[in-house]
Amino acid sequence: MPMTPPGQMTPLRWVAWLTLITVTGVLLAGLTYIWVLSAFYGPGSDQASRVGYTLKNAQRIVGDTPEAAARSVAEMVGGATLAAPADPLAAAALAPLASARGQTLLYGGGAATADTLAASTLAALPNSRVVILASRQEPAYALPAAYAAAHFRVPVVYADQNSLPAGLREALTGKTVLVAAPERLIPNSVLGGLQVERVAREDLSQHAVLWARYRNGEFGWGLEKGRKDAYANFVLANPADPAFAAAALPLAYKGNYGPLIYTARDALPPVVDQYFWYFSPDFFDRPSDGPFMNVRVVGPPSSVGYVPQARSDFALETHPYRNQVQGMSGLAVLGWAWVFVGIAGAIWALFAIPARIPDTGFYPRLYWPLAIFVLGPVGLIAFIASYQGRMVNRTQRMPVFVRPPWARAVSATIMGMSVGMALMIAVMDLLMLNGMPLFTWLEFTPLFWLGSPMAALMWLLMVGLAILLSTFLFMGPMLAEMNRKPYWQGVKLAFPSVAISMVAASVGMFALVWWWQNWALPDMASAELWLWPTVFWWAAVIGFLTALIPNYWLVRLGRKQGGM
């Protein structure tokens with residue numbers, strides 16, 4: 001095959017040039033698609049709207065009466081029961097004792113008074129450093145505190161507007177007394193001599209949210225956004241019907257426990273709505289990763305309607321992590337910086353090679369820009385190592401750059417795998433566009449593993465196509481011109497070295513992708529679209545390094561020249 005000047009185009013060169021343009025176009029289209037999709041739509045943008053799945057996070061406790069709701073709760077959480085009088089204050093006083101005994105409070109049985117049960121619970125829990133003081137009037141104020149008391153096994157006692165019994169005052173001395181009532185119900189004048197902290201709001205909705213957020217040492221729900229254990233559950237009830245809230249007291253310390261929140265019958269109060277939205281979880285990878293919130297609605301629709309139930313459900317739905325829509329992780333930033341360096345370097349090499357290194361042939365002028373595009377900074381380093389300060393030997397059939405063995409191995413590796421590696425990534429982009437291929441005709445046979453999309457058939461498709469195109473369109477014609485041989489002899493010379501380079505490169509590339517997807521970032525496919533270029537471009541670098549090993553020995557054995 002006669003030597004063709006670098007600038008002269010032949011039909012074979014036109015095909016090689018168009019193939020390279022097509023591969024580069026697919027790579028750029030894939031990068032553009034990822035960029036646009038990530039920047040404007042964020043992760044999971046292909047998911048259908050989940051607004052229709054209301055009531056997924058909210059469940060209504062069956063029971064149109066407090067006693068029926070209590071039986072439903074007992075059936076839900078199980079365990080031995082402890083009967084509590086059909087009195088919200090009595091149930092609130094008994095709940096910490098039931099919690100300490102591991103029993104399920106069953107509202108609607110027994111005849112003891114609230115004060116009697118409070119005294120017995122106080123005696124049974126003598127080591128509690130915290131005691132909750134509630135009012136005998138308006139029991140709705142006592143119940144949010146009673147939920148915290150039941151969970152943390154803290155006694156609940158009662159006072160009125162006029163006085164505190166002497167025996168109770170003595171029992172409270174030396175303890176932290178949390179007053180769960182506004183001052184109009186328990187004035188400061190009756191609390192003299194005690195270590196008190198008032199945890200109360202006049203508005204009952206604000207009062208309940210305050211108790212959900214309150215934390216004092218080891219006591220209190222402390223349900224704030226910054227908590228590490230972000231899984232939270234709530235009980236939603238109407239303060240106008242405190243008996244229903246009392247019936248659900250076991251949900252404060254059994255099962256998916258959580259604090260009591262108040263709502264109106266027809267609308268979720270703004271403070272509660274804001275709190276739920278403030279506390280709503282963000283998913284980073286996909287909605288199924290959670291965390292998940294639950295609201296247990298207690299009371300019939302005449303007490304808590306479907307509007308507050310649906311609104312609370314919607315507010316606590318998982319949402320995409322807010323910073324991932326317009327931002328990217330540090331790893332993705334590094335990967336995209338790598339890509340942009342490659343693009344800039346490829347554009348520079350495309351014009352610099354013919355202008356500054358005129359002794360290069362037609363094919364090096366194609367594969368070096370493509371190699372720099374795919375390998376980024378590593379490609380630039382390889383290019384500089386191959387040409388910077390290298391002398392040219394013009395005594396042979398065509399100009400040859402004089403390089404040490406390692407630099408010849410670098411150049412030979414670039415020649416053998418640059419186009420093929422770019423083609424492998426382009427094929428992967430096209431496969432990802434419509435999903436991985438999955439062949440079922442090998443199922444129930446010893447070769448079933450060949451049907452896996454990441455197994456042999458996919459490898460053959462990507463690597464085999466890369467070997468064929470690199471051999472027939474690039475390395476084969478180039479070796480034919482270098483050795484002044486017919487085209488098919490050049491193909492025969494090129495095939496072994498191209499196959500060795502591509503197989504070695506694919507081992508490194510597939511190994512990194514496999515490790516990354518199975519160990520480092522198992523949810524990469526849905527976690528962050530920005531990461532895809534990072535994985536593939538760095539996999540190409542690992543492929544280059546693994547291909548460099550056999551190419552070095554081929555150069556040392558004289559099977560490859562590496563002088564182009």
Side-chain angles (χ1 to χ4, degrees), residues 41-45 47-61 69 140 143-144 147-148 151 201 203-215 220-241 244-245 248 251-252 255-326:
Y41 296 95
S45 60
Q47 296 174 17
S49 172
R50 304 183 69 194
V51 175
Y53 296 97
T54 56
L55 310 187
K56 179 170 65 68
N57 306 292
Q59 304 87 37
R60 187 176 291 270
I61 303 299
L143 286 166
Y147 270 67
H151 182 78
R201 294 288 187 272
D203 180 87
L204 280 165
S205 298
Q206 296 179 9
H207 178 77
V209 170
L210 176 64
W211 274 97
R213 302 178 70 169
Y214 179 76
R215 183 77 173 177
W221 298 107
L223 287 181
E224 296 286 354
K225 185 69 172 180
R227 275 181 40 146
K228 299 294 184 184
D229 50 339
Y231 291 83
N233 301 279
F234 304 93
V235 175
L236 192 65
N238 191 331
D241 301 312
F244 281 104
L251 296 179
N256 295 331
Y257 47 78
L260 174 66
I261 299 294
Y262 282 142
T263 182
R265 183 179 72 87
D266 295 323
L268 202 63
V271 64
V272 176
D273 190 47
Q274 182 183 34
Y275 178 61
F276 280 170
W277 278 101
Y278 166 78
F279 202 76
S280 64
D282 300 327
F283 67 85
F284 190 81
D285 292 343
R286 51 194 173 192
S288 60
D289 290 340
F292 306 107
M293 310 296 167
N294 279 288
V295 175
R296 273 64 182 271
V297 180
V298 59
S302 59
S303 178
V304 179
Y306 292 110
V307 171
Q309 178 182 352
R311 181 64 182 178
S312 61
D313 176 275
F314 181 64
L316 290 173
E317 177 61 279
T318 56
H319 309 288
Y321 181 55
R322 61 173 62 90
N323 289 335
Q324 206 180 335
V325 175
Q326 297 296 336

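Quick caveat: nothing in here was measured; it's all calculated off a predicted structure.
- Relative ring orientation between Phe314 and Trp277 is described as perpendicular, the plane-to-plane angle rising above 60° on a 0-90° scale split at 30° and 60°.
- The two residues Pro308 and Val304 make their nearest non-hydrogen contact at CG-CG1, 4.0 Å.
- The list of salt bridge (charged side-chain N to carboxylate O under 4.0 Å, His left out) pairs with a residue in residues 297-306, not counting sequence neighbours, is empty.
- When the options Leu236, Asn57, Val295, Val297 are evaluated for a side chain to side chain contact (heavy atoms under 4.5 Å, CB included) with Gln309, the one that passes is Val297.
- Other residues, nucleotides and ligands contribute over 12 non-hydrogen atoms within 6.0 Å of the OH atom of Tyr214.
- Arg215 places a side-chain N or O within donor-acceptor distance of the main-chain N or O of Gly220, the cut-off being under 3.5 Å.
- In terms of heavy atoms, Ala212 sits closest to Trp221 at O-CB, 3.2 Å.
- For Arg201, the CZ atom sits in a loose shell: 12 or fewer heavy atoms of surrounding residues, nucleotides or ligands are nearer than 6.0 Å.
- With hydrogens and angles disregarded, no donor-acceptor distance shorter than 3.5 Å links the side chain of Tyr147 to the backbone of Ala208.
- A distance-only check finds a donor-acceptor pair linking the side chain of Asp203 to the backbone of Gln206 [under 3.5 Å].
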Show the atom names and distances, to 0.1 Å, of all donor-acceptor pairs under 3.5 Å that link a side chain in residues 258-268 to residues at least two apart or in another chain.
from: Tyr262; atom 1: OH; to: Ala140; atom 2: O; distance (Å): 2.6
from: Thr263; atom 1: OG1; to: Ala267; atom 2: O; distance (Å): 3.2

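- Taking the ring axis of Phe276 as reference, the NZ or CZ atom of Arg311 does not stay both within 45° of it and closer than 6.0 Å to the ring centre.
- Taking 4.5 Å as the limit, some side-chain heavy atom of Ile61 sits within range of a side-chain heavy atom of Leu251.
- Contact detail for Ser205 and Val271: the closest heavy-atom pair is CB-CG1, 3.7 Å.
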